[in-house]
Protein chains: 2
Amino acid sequence: MARQTPPQPEEIAAGSITFEELRLAARNHAMPLEALRYPITPAGLHYLLIHFDIPSVDVAGWRLSVDGLVERPLELSLEALGSRPAVSLPVTLECAGNGRALLEPRPVSQPWITEAVGTAIWTGTPLAPILKEAGLRPDVVEILFTGLDRGVQDGETQDYQRSLTLDEALREDVLLAYAMNGEPLLPQHGFPLRLIVPGWYGMTHVKWLSRVTALAEPFRGYQQAVAYQIQTTEDGPMTPVTRMLPRSLMEPPGIPDFFSRTRYLSPGPCPLRGRAWSGQGRVVQVEVSVDGGHSWRLAELGEAPEASPYAWRPWTFMWQAAPGAYDLCSRATDETGLTQPLDASWNSGGFSNNAIQRVAVVVE
Amino acid sequence: MARQTPPQPEEIAAGSITFEELRLAARNHAMPLEALRYPITPAGLHYLLIHFDIPSVDVAGWRLSVDGLVERPLELSLEALGSRPAVSLPVTLECAGNGRALLEPRPVSQPWITEAVGTAIWTGTPLAPILKEAGLRPDVVEILFTGLDRGVQDGETQDYQRSLTLDEALREDVLLAYAMNGEPLLPQHGFPLRLIVPGWYGMTHVKWLSRVTALAEPFRGYQQAVAYQIQTTEDGPMTPVTRMLPRSLMEPPGIPDFFSRTRYLSPGPCPLRGRAWSGQGRVVQVEVSVDGGHSWRLAELGEAPEASPYAWRPWTFMWQAAPGAYDLCSRATDETGLTQPLDASWNSGGFSNNAIQRVAVVVE
């Protein structure tokens, strides 16, 4: 998407979504915000972004090919992968386009608001020992991952493909995952196998994985070199989207209005709760504002599920709610010092918008 | 929604969706159309319409109350319900608002296109014996079902409530369901208990069920008397939405374009497949058109999962695809003679729009 001309405000005004965007919003599921109550997101509530179609995979005939610049190409069945050493890791995944629909002018693609996130316990076998077994040749610089999902984007017919640098691919927590929350992968989450690269935005975790290929040159395919690039002006430089920026979300308190989703609650003590994550480093601080971001107070931080460095941390804040209308916000800061901005910074693909969430609440 | 003034075309033109509608589309999941390949919809792909929030239910403290005009009020734990006779039934559920976003002018609510559907095997215990055990008084005319989901709609704070006439409630296939596809209900599908009324649109199948109340007067609450009413003119009569009208959907052939969802495929024999259902009676015929509904040919009908009278039937049609652009359609007819219209008929709430689906395909 990064190549597109930034849309003009008069063409795509905030609050006016195209039919094509609606069609994407229908099939790509967000996590309803009340699901922030669960440390591990239940089946069916984790966000989903599926570029093309969910493939139908006959696992009897499926093999993972490990090929390219290797000494010993491998063909691994699901059974063979399952008999290798297994690792289980709670990991928070977020779509790189989360927050896109709040940008002005709005980049036209999947129109996420703030809920393209979820946390699961992924079980799989580490990738690095498999690459070592295959024997990487000395000139290998990147590992390419190919999924079985196939379609057309910006006029280019393609299999879904993303690469990692060799250093990143050899990290010990990079998994070939065949289970999610203790069950085989659901079709929409990549059955039978997907890549998990903890800390990175969702596009990296290639689903329906069929090939792992060692390359001597950096991969320049569509999903790597055209999409998932930060470009802030039409002809400006492009910076690849990689790891998740810090973000915090609040479980909306009270009860909702069906249509406006404004929240209603009674005066009195009201615990505010949410979760915060970052792919850059551990979240070390969450603040809460009840006045739309003008003033901030520290929330109490809890521990991530199984103390995973790659999963969201819960936070709580006791609010004394007096009658009135409020704009509730929370803000995460990670150990690298990165924090969430009050306002989004625009880029042509609508990536990495981690501006603070605003929850409209009426106390009465 | 039925009370609202029909929106004017200049306010809500087709192709321009409001931000509030997008927010609903993000949290209320549609079934991606390729999931039509599964006779039983996998977890997380079944459609979801949640008026308010998904409640958090502690099953240890949860009881189903059976009260109102009964001789012996009951309080039933999940364990007690599970020890009663169990019935499992494949049932297709469809939202009454499916197709709403295709109406012109578009009624403003959850903006479904065509995919608000899914089929599951629901397991539960029949309602009728429980009502008999409680002892309905002679003046009972309706049974009211109350869920734990609470919120505000059109300014009215409410628990979600729907009623059935006594005749309908006593049908032997009306279930208090605690399992879906052999697993406890997921939170978003009504854990720990929901009503299943095979054949009816989704609003009837009250989730997070907490009370079953015998009434001597017809229930006139919001979700019964205001919403879910067909009203074709502003001051015209209102007819309640009840059973699903016949509908057929096609699994889109070929591969998709990411954004437009136009399908691309090569010339040659192309099997077209889909599923068809009706809550009025068994589907007896499905026809296919490859020219946007000008000419029709019969598809081959298969059997519903477990031959359930309440689940969709698969259909197939062998298409000889020659190069060109096509508008593929399918049309279901049920045993009562009801069939799908080519064009939608408008009503203020956008209910029961079973006009034929159109799938844009390019053969090249």
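Letters A, B, ... are given to chains in the order of the sequence lines, protein chains preceding strands, and every chain is numbered from 1.
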- Task: Pick whichever of A:Ile50, A:Leu24, A:Ile54 has the most heavy-atom pairs under 4.5 Å with chain B.
- Result: A:Ile54
- Message: If I measure from the heavy atoms of chain B, does A:Ile113 come under 4.5 Å with its side chain, its backbone, both, or neither?
- Response: side chain
- Query: Side chains of A:Gln161 and A:Thr146: do they bring a donor and an acceptor to under 3.5 Å?
  - Reply: yes
- Query: In terms of heavy-atom pairs under 4.5 Å, which option from B:Asn28, B:Ile255, B:Asp257, B:Asp53 contacts chain A the most?
  - Reply: B:Asp53
- Please collect all salt bridge (Lys or Arg N to Asp or Glu O under 4.0 Å) contacts where either partner lies in residues 355-364 of chain B, sequence neighbours excluded, each pair once. B:Asp327-B:Arg358
- A:Phe351 ring center within less than 6.0 Å of A:Tyr228 ring center: yes
- Proximal component of B:Tyr264, with respect to chain A [non-hydrogen, under 4.5 Å]: side chain
- Please determine if B:Arg194 forms a cation-pi arrangement with B:Trp122, meaning its NZ or CZ atom is less than 6.0 Å from the six-membered ring centre and no more than 45° off the ring axis. yes
- Contact part of A:Thr262 toward chain B, heavy-atom cut-off under 4.5 Å: side chain, backbone, both or neither? neither
- Note on the structure: Whatever's closer than 4.5 Å to a heavy atom in chain B on A:Phe259 counts as both
- Full working for side chain to side chain donor-acceptor pair (under 3.5 Å) between A:Gln224 and A:Gln229: CA-CA 8 Å; A:Gln224 196 83 22; A:Gln229 295 282 338; over 6 Å; no
- Counting only heavy atoms closer than 4.5 Å, note whether A:Leu22 contacts chain B via side chain, backbone, both or neither. both
- Message: Using a strict threshold of under 4.0 Å (side-chain N to carboxylate O), is an ion pair present between A:Arg275 and A:Glu251?
- Response: no
- May I ask you to name which of A:His189, A:Gln110, A:Arg263, A:His46 has the most heavy-atom pairs under 4.5 Å with chain B? A:Arg263
- Could you grab the distance from atom CZ of A:Arg247 to atom CD of A:Glu94, nearest 0.5 Å is fine? 4.5 Å
- Query: Is any side-chain N of the basic residue among A:Glu20 and B:Arg261 closer than 4.0 Å to the acidic one's carboxylate O?
  - Reply: no
- Message: Quick check: under 4.5 Å, non-hydrogen atoms only, which of residues 29-38 of chain A neighbour chain B?
- Response: A:His29, A:Ala30, A:Pro32, A:Leu33, A:Glu34, A:Arg37, A:Tyr38
- Under 4.5 Å, counting heavy-atom pairs only, tell me which of B:Val152, B:Thr157, B:Asp149 racks up the most with chain A. B:Val152
- Query: Side chain, backbone, both or neither: which part of A:Pro42 has an atom under 4.5 Å from a heavy atom of chain B?
  - Reply: side chain
Which atom pairs, one a donor and one an acceptor, fall under 3.5 Å between side chains of residues 178-186 of chain B and the rest of the protein, sequence neighbours left out?
{"from": "B:Asn181", "atom 1": "OD1", "to": "B:Ile121", "atom 2": "N", "distance (Å)": "2.8"}
{"from": "B:Asn181", "atom 1": "ND2", "to": "B:Thr41", "atom 2": "O", "distance (Å)": "3.3"}

- Item | Set of ring-ring contact (aromatic ring centres under 6.0 Å, His included) partners for B:Tyr160, sequence neighbours left out | B:His51
